[in-house]
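Notes to accompany the following structure.
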Amino acid sequence: MNAIDRTSDMPRRQFVALSGALGAGALLTGAGGSASAATGPDPVPGKPSCCPCPADPIPPGGPNPCPPAQMQSLCGLPSDTDPLWQEVQYCTQGIVPPGGQPPDCLKTTPNYVVLHGRPPSPQHFLLLPSCRITGIECPFLVSPNVANYWHEAWETGRSGGDVPVASPNIGLGINSQSARRYQQLHIHMAGVRPSTQLRLQALEAAGRVAPQPSQWADPQYQALITGADGSGDRTYRVLRLDALTQNLFVLLNQNVVRPLGLAMAGQTLIVVPKMTAMGFARSFYVLNSDSSLPSGTNTCDHLLVY
């Protein structure tokens, strides 16, 4: 299991208030509120800068891909020194991490970068936003303007993608605030065991997988799944989606977190594409868990194979 840093959860009331305001656009008025690029050492000579960079002005009417200044206390400051954020800045702006080894920038786009997981492995990569977002607790993730990081992680990590995960069964996962080591949002792109894939398909065949996001929190769609790390059985809420075109953070917040009186900061979220003997079955299992469930967990590490 990954090393764990213990951090305090953001109060749920504060998150709900801000996410509600986001839905109404109250905190997103004007492009001038977007986070600017962090200052730091001069870029590496000769290293091309990204175009457009995350801090570039957004065209009129276009989306704002980064949290506005009003959210930096919750989503992180561009001047923060988290190691993963510094690696993102190297990939997007050429700013060398102080005293560190520059990372391998496996893929760099205006919205995200892809790096090696830790330790480096052909079946473990990380997808990170190009702008400063600490993690799942950031209210900007439930806004209509955020990039669809989950869809991009699948398209990048699938067979034939730009950075394919070396596993026939792929899993995407994000940890809760208290169960992560680094404070820059990162989606793990890794493998899952064949037994996990078979268990999810058996649950679907038995009617134990929620067919609609509105049913995701129903107790009948909670199921025990054996961990790949030998940790035993853990309880997950299981949803099936035909595509990753919807904002999974919004689906989780609207259909699980708020109805059950939970906090986004305490949630783990895992996506397992359905695979059969014919290949990708064009649907996804979306798993959620937290410590409020019997045998629940707040980390994706139990199911992913690094």
Side-chain angles (χ1 to χ4, degrees), residues 19 22-23 63 65 106-107 109-115 117 123-131 133 135-136 138 140-165 167-176 185-192 196-197 199-201 203-204 209-217 221 223 225 236-257 264 267-276 278-289 300 303-305:
S19 60
L22 270 170
L106 304 177
K107 183 177 182 180
T109 78
N111 283 331
Y112 65 91
V113 302
V114 177
L115 304 174
Q123 64 177 17
H124 184 204
F125 305 103
L126 303 176
L127 183 141
L128 307 97
S130 296
C131 55
I133 298 177
I136 193 170
C138 172
F140 185 71
L141 292 173
V142 299
S143 79
N145 297 317
V146 70
N148 191 338
Y149 300 117
W150 293 96
H151 176 266
E152 297 299 343
W154 161 242
E155 289 296 327
T156 300
R158 65 177 174 80
S159 176
D162 291 338
V163 189
V165 175
S167 175
N169 292 287
I170 297 174
L172 313 172
I174 186 172
N175 286 318
S176 68
L185 179 72
H186 52 284
I187 296 178
H188 293 272
M189 305 155 56
V192 296
T196 301
Q197 178 73 232
R199 171 63 170 158
L200 290 168
Q201 293 187 31
L203 289 169
E204 182 182 12
V209 173
Q212 300 292 335
S214 60
Q215 300 170 285
W216 198 0
Y221 302 120
I225 300 177
Y236 299 87
R237 306 175 182 96
V238 189
L239 167 69
R240 179 186 179 276
L241 293 177
D242 291 331
L244 297 180
T245 53
Q246 301 179 76
N247 183 332
L248 299 189
F249 297 110
V250 169
L251 294 185
L252 178 63
N253 187 45
Q254 290 183 346
N255 298 287
V256 177
V257 170
M264 280 290 284
Q267 306 302 307
T268 185
L269 194 57
I270 304 154
V271 173
V272 179
K274 182 178 180 178
M275 304 295 293
T276 67
M278 303 299 293
F280 175 46
R282 299 193 177 279
S283 63
F284 301 86
Y285 300 111
V286 185
L287 288 69
N288 158 253
S289 189
C300 64
L303 291 186
L304 300 186
V305 178

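Note that the numbering runs from 1 along the sequence shown for the chain.
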Q. Is there a donor-acceptor pair closer than 3.5 Å between any side-chain N or O of Ser289 and the backbone N or O of Thr268?
A. no
**Q.** Heavy-atom check, side chain of Cys300 versus side chain of His188, under 4.5 Å
**A.** yes
(Q) For Ile170, is there any backbone N or O sitting under 3.5 Å from a side-chain donor or acceptor partner on Ser167? (A) no
Q.
Run Asp162 and Val114 through side chain to side chain contact (heavy atoms under 4.5 Å, CB included) and show every step you take.
A. CA-CA 10 Å; Asp162 291 338; Val114 177; over 6 Å; no
Q.
Any heavy-atom pair between the side chains of Gln267 and Leu269 that's under 4.5 Å?
A. no
Q) Side chains of Val286 and Leu252: does their closest heavy-atom pair fall under 4.5 Å? A) no
Q) What is the distance from atom OG1 of Thr245 to atom CH2 of Trp150, rounded to the nearest 0.5 Å? A) 15.0 Å
Q. If every non-hydrogen atom of Gln197 is compared with every non-hydrogen atom of Tyr285, which pair is closest and at what distance?
A. OE1-CE1, 4.0 Å
Q) Can we call the ring centroids of Trp154 and Phe284 under 6.0 Å apart? A) yes
**Q.** Contact summary for Leu239 and Pro211, nearest pair of heavy atoms
**A.** CD1-C, 4.5 Å
Q: Check whether any side-chain N or O of Trp216 sits under 3.5 Å from a backbone N or O of Arg237 as a donor-acceptor pair, and report yes or no.
A: yes
Q) Would a 4.5 Å heavy-atom cut-off, applied to side chains only, mark Val271 and Leu244 as touching? A) yes
Q. Going by the salt bridge (charged side-chain N to carboxylate O under 4.0 Å, His left out) test, which pairs reach into residues 140-154, not counting sequence neighbours?
A. none
Q) Where is the tightest heavy-atom contact between Met264 and Phe249, given as atom of each residue plus distance? A) CE-O, 3.9 Å
**Q.** Stepwise side chain to side chain contact (heavy atoms under 4.5 Å, CB included) test for Val209 and Leu200
**A.** CA-CA 8 Å; Val209 173; Leu200 290 168; 5.8 Å; no
Q: Calculate, to the nearest 0.5 Å, the distance between atoms CG and CD1 belonging to Leu248 and Ile187 respectively.
A: 8.0 Å
**Q.** Interatomic spacing from OH in Tyr149 to CG in Leu172 - rounded to 0.5 Å
**A.** 15.0 Å
Q | Straight-line distance of Ile174 CD1 to Asn288 CG, nearest 0.5 Å | A | 11.5 Å
**Q.** Smallest separation among heavy atoms of Ile133 and Cys138, with atom names
**A.** CG2-CB, 3.8 Å
Q. Going through the checks in order, is the side chain to side chain contact (heavy atoms under 4.5 Å, CB included) test met by Leu106 and Thr156?
A. CA-CA 10 Å; Leu106 304 177; Thr156 300; over 6 Å; no
Q: Could you tell me whether the side chain of Leu127 reaches within less than 4.5 Å of the side chain of Phe125, counting heavy atoms only?
A: no
Q: Determine whether Ser143 and Asn247 make a side-chain contact, defined as any pair of heavy atoms from C-beta on separated by less than 4.5 Å.
A: no
(Q) Holding to side chain to side chain contact (heavy atoms under 4.5 Å, CB included), I want the full list of residues that pass it with Ser283, two or more places apart in sequence or in another chain. (A) Arg240, Asp242, Lys274
Q: Find the distance between CG (Leu251) and CD (Gln212) and round it off to the nearest 0.5 Å.
A: 10.5 Å
Q.
Run Val272 and Leu303 through side chain to side chain contact (heavy atoms under 4.5 Å, CB included) and show every step you take.
A. CA-CA 10 Å; Val272 179; Leu303 291 186; 5.8 Å; no
**Q.** Atom of Leu126, atom of Gly117 and distance for their closest heavy-atom approach
**A.** CG-CA, 4.0 Å
Q | From OG1 (Thr196) to CD (Gln201), nearest 0.5 Å | A | 11.5 Å
Q: Check Ala190 against Val305 and note the closest heavy-atom contact, atom names and distance.
A: CB-O, 3.6 Å
